[in-house]
Amino acid sequence: MTSKNIGIGVNAWVWTSPFDAASCSLIAKAYGMGFDAFTVPIEDPALIDIDAIKSQREKTPLRLNVSGAYGPDRDL
């Protein structure tokens, strides 16, 4: 059996809320700090800029994750 390093990730909520196009620079910041993964939290889907996220992600080997904020007025 092969062991795989899980690594350590960080959620953008450490620095900002809500996540938007301007927040995409945090991906490079997380990589520069030595993290292995980065979580994009989705509070307002209208603020998410997929192209900006992809552009930043292509500059690092970070794994990307997504989390969501769901209250009583949000439907999965």
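Model, not experiment: these values are computed from the prediction.
- For Arg57 (side chain) and Leu62 (main-chain N/O), a donor-acceptor pair under 3.5 Å exists by modelled atom type.
- The hydrophobic cluster around Leu47 extends to none of the other residues, as no ILVMFWY side-chain heavy atom falls under 4.5 Å of it.
- Of the inter-residue distances, the one linking Lys59 atom NZ with Cys24 atom SG reads 10.0 Å to the nearest 0.5 angstrom.
- Remark: Ser23 OG to Trp15 CH2 distance equals 11.0 Å, nearest 0.5 Å.
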Could you go through residues 30-44 and list every donor-acceptor pair under 3.5 Å that involves a side-chain atom there, pairing it with any protein atom two or more places apart or in another chain?
residue, atom, partner, partner atom, Å
Asp36, OD2, Ile8, N, 2.8
Glu43, OE1, Ser17, OG, 2.9
Glu43, OE2, Trp13, NE1, 2.8
Glu43, OE2, Ser17, OG, 2.7
Asp44, OD1, Ala46, N, 3.0

Which side-chain N or O atoms in residues 48-55 pair as donor and acceptor under 3.5 Å with protein atoms at least two apart or in another chain?
residue, atom, partner, partner atom, Å
Asp49, OD1, Asp51, N, 3.2
Asp49, OD1, Ala52, N, 3.1

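- Between Gln56 and Ser25, the closest heavy-atom pair is OE1-CA, 4.2 Å.
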